[in-house]
Amino acid sequence: MSSAHTIGSLLTAKGHRLTGGRRAVVEAMLAGDDLFSVPDIQRLVPRVGRATVFRTMRLLVDLDLRA
């Protein structure tokens with residue numbers, strides 16, 4: 001499993017910013033179970049908007065950067 005730092009580095013290397021919201025989503029994904037859903041991540045990071053969770057997860061899948 002990747003670390004938040006590694007995923008952040010890969011995101012920036014591919015031209016994307018690692019915002020606070022994205023970092024929180026990645027860290028929640030890494031801290032949780034192997035299987036999770038958007039609502040699971042939202043419960044772990046309530047200060048991050050639902051759209052940010054969806055967009056971050058889509059970006060990670062599109063870039064093949066699954067946590």
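Count residues from 1 along the sequence.
- To the nearest 0.5 Å, atom CG of residue L60 and atom NE2 of residue H16 are 9.5 Å apart.
- R23 places none of its side-chain heavy atoms less than 4.5 Å from the side chain of V26.
- A pairwise comparison of heavy atoms in V45 and A28 identifies CG1-CB, 4.0 Å as the closest pair.
- Atom OG of residue S9 and atom NZ of residue K14 lie 12.5 Å apart, to the nearest 0.5 angstrom.
- A donor-acceptor pair under 3.5 Å links the side-chain atoms of R22 to the main chain of R17, judged by distance alone.
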May I have the step-by-step check of side-chain contact (heavy atoms from CB on, under 4.5 Å) for L59 and L11, ending in yes or no? CA-CA 9 Å; L59 176 63; L11 274 173; 3.7 Å; yes

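- Distance CG/L10 to CG/L63: 9.0 Å, rounded to 0.5 Å.
- Atom CZ of residue F36 and atom CG of residue L30 lie 8.0 Å apart, to the nearest 0.5 angstrom.
- Taking the salt bridge (charged side-chain N to carboxylate O under 4.0 Å, His left out) definition, one finds that R43 meets it with D40, sequence neighbours left out.
- T56 contributes no side-chain N or O that, together with a main-chain N or O of V53, makes up a donor-acceptor pair within less than 3.5 Å.
- Atom CZ of R55 is separated from atom CG of D62 by 13.5 Å, given to the nearest 0.5 angstrom.
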